[in-house]
Amino acid sequence: MSAPDLARRRDRIVNLLSIHGSLSAADLAGRLAVSVQTIRTDLRELDEQGVIRRRHGEASLNRGTENIGYQPRLAIARDEKGRIGQAVAGLVPDAARVALGTGTTVEEVARALVGRENLLVATNNIHAVLALRAAPGVTVHLAGGKVRLRDLDIIGAESQEFFGQFRLDVAIFSCGALSPQGEVMDFTPEEIRARRAIAACGARTVLILDSTKIGRPAPLKHGHLWDYDLVVHAGSLPDATRDACTAADCRLIAV
């Protein structure tokens, strides 16, 4: 099996666990039309990466009170993040002024923006900077301060002051989780403050999230999904959340 096919199958495993909570290897094998042994191999490697956990013969997503590290997060919902990146990049014209937040999904947006010309980008995401290296005529402003080496981002007080000096066309950022009530959730107060600062510097706000964020628990909340101008997401949102977004003139784009 090719590496892309393997990645897609494991993305589907993660998506199924996000929807159903927990499933056995036999359940997953039946849904994906592969052998139980193949699924067990997938689950073992996803467990070693910290993406899932296996217990009492069933697998579930690793839903701790802290976000998992950068490398394991790269393995989650790769296809979805790629589609989100392409969808968001399609909304950004040449010469736009863009704020980019942290996270692997935002990194995919940065990668998709490489085809745009003469962008001005302000970010606290070092991975996004690296992804933009090949963009023609790009100007990048990177926040200063303490680097979280695990994720290669900057979310302290300096990053908040940094974004406060900009007035940009669009601010693009992710979140740690989305509650069943449509609350936007995160894992640390610093992450919340940084995202608020990023949102405040954009004339238009775009929140992005893959399907594993929907219904995932996280300890801290900061507003609701419908507080933003546009939400680009994978997976299915609760009907009540969709209705609230429509009422608040928040545009939803499902990928």
Side-chain angles (χ1 to χ4, degrees), residues 11-22 51-52 60-68 70 72-85 87-88 91 99-109 125 151 153 155 170-200 202 204-255:
D11 279 355
R12 291 184 65 192
I13 290 172
V14 170
N15 294 343
L16 286 167
L17 295 179
S18 176
I19 294 167
H20 297 284
S22 63
V51 176
I52 65 137
S60 61
L61 292 184
N62 188 0
R63 300 180 184 271
T65 58
E66 295 183 1
N67 206 358
I68 61 176
Y70 172 78
R73 278 187 284 124
L74 282 178
I76 297 177
R78 286 181 179 176
D79 283 355
E80 290 184 0
K81 292 174 182 178
R83 295 198 303 271
I84 290 169
V88 174
L91 304 171
L100 294 177
T102 63
T104 55
T105 312
V106 175
E107 181 183 347
E108 284 298 325
V109 172
N125 185 341
D151 298 313
D153 58 24
I155 61 168
V170 60
I172 301 164
F173 45 89
S174 185
C175 64
L178 181 71
S179 79
Q181 295 75 37
E183 297 164 318
V184 178
M185 313 293 289
D186 264 306
F187 292 92
T188 70
E190 291 80 12
E191 288 172 330
I192 289 177
R193 286 193 288 268
R195 284 182 175 86
R196 284 176 175 163
I198 294 166
R204 189 183 190 196
T205 54
V206 180
L207 178 67
I208 58 178
L209 65 159
D210 65 69
S211 63
T212 66
K213 305 289 181 68
I214 300 172
R216 179 188 187 190
L220 301 171
K221 65 180 181 179
H222 56 112
H224 293 84
L225 200 66
W226 48 88
D227 295 332
Y228 304 105
D229 297 312
L230 174 65
V231 176
V232 182
H233 69 93
S236 298
L237 297 173
D239 290 341
T241 298
R242 295 182 61 84
D243 291 344
C245 288
T246 299
D249 200 25
C250 168
R251 182 185 175 193
L252 299 175
I253 297 179
V255 299

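Only heavy atoms go into these numbers, but all of them, side chains included; no hydrogens, no water, no symmetry mates.
Side-chain contact between Leu17 and Ser60 is absent, with no heavy atoms from C-beta onward closer than 4.5 Å. In this structure, Asp151 and Thr102 have side chains that are not in contact, with every pair of non-hydrogen atoms separated by 4.5 Å or more. Annotation: side chain of Leu225 is in contact with side chain of Leu237 (closest heavy-atom distance under 4.5 Å). Looking at heavy atoms from C-beta onward, Val206 lies out of side-chain contact with Val109 at the 4.5 angstrom threshold. Contact of the Leu209 side chain with the Ile214 side chain is registered, since non-hydrogen atoms from C-beta on lie closer than 4.5 Å.
Note that the CG atom of Leu207 and the CZ atom of Phe173 stand 5.5 Å from one another [nearest 0.5 Å]. To the nearest 0.5 angstrom, Leu178 atom CG is 12.0 Å from Ser211 atom OG. Note that CD of Glu183 is 10.5 Å distant from CG of Asp227, once rounded to the nearest 0.5 Å. Atom CD of residue Glu108 and atom CG of residue Asp79 lie 10.0 Å apart, to the nearest 0.5 angstrom. Separating the CD1 atom in Ile172 from the CZ atom in Arg204 is a distance of 9.5 Å, to the nearest 0.5 Å.
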Return all side-chain donor-acceptor pairs below 3.5 angstrom for residues 240-255, not counting sequence neighbours, or 'none' if the list is empty.
{"from": "Thr246", "atom 1": "OG1", "to": "Arg242", "atom 2": "O", "distance (Å)": "3.1"}

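Here the side chain of Thr205 pairs a donor or acceptor atom with the backbone of Asp229 at under 3.5 angstrom. No donor-acceptor pair under 3.5 Å is formed between the side chain of Lys81 and the backbone N or O of Asp210.
Remark: His222 pairs with no residue by the ring pair (Phe, Tyr, Trp, His ring centres under 6.0 Å) rule, at least two apart or across chains. Under the side-chain contact (heavy atoms from CB on, under 4.5 Å) criterion, Ala197 pairs with Gln160, Phe163, not counting sequence neighbours.
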**Request:** In sequence, state the C-alpha distance, the side-chain angles, and the governing distance for Ser179 and Lys221, and then conclude on side-chain hydrogen bond (donor to acceptor under 3.5 Å, both in side chains).
**Result:** CA-CA 9 Å; Ser179 79; Lys221 65 180 181 179; over 6 Å; no
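Of all heavy-atom pairs between Ser174 and Lys213, the closest is OG-NZ, 3.3 Å.
Screening Val106, Ile155, Leu100 for a side-chain contact (heavy atoms from CB on, under 4.5 Å) involving Asn125 leaves a single residue, Val106.
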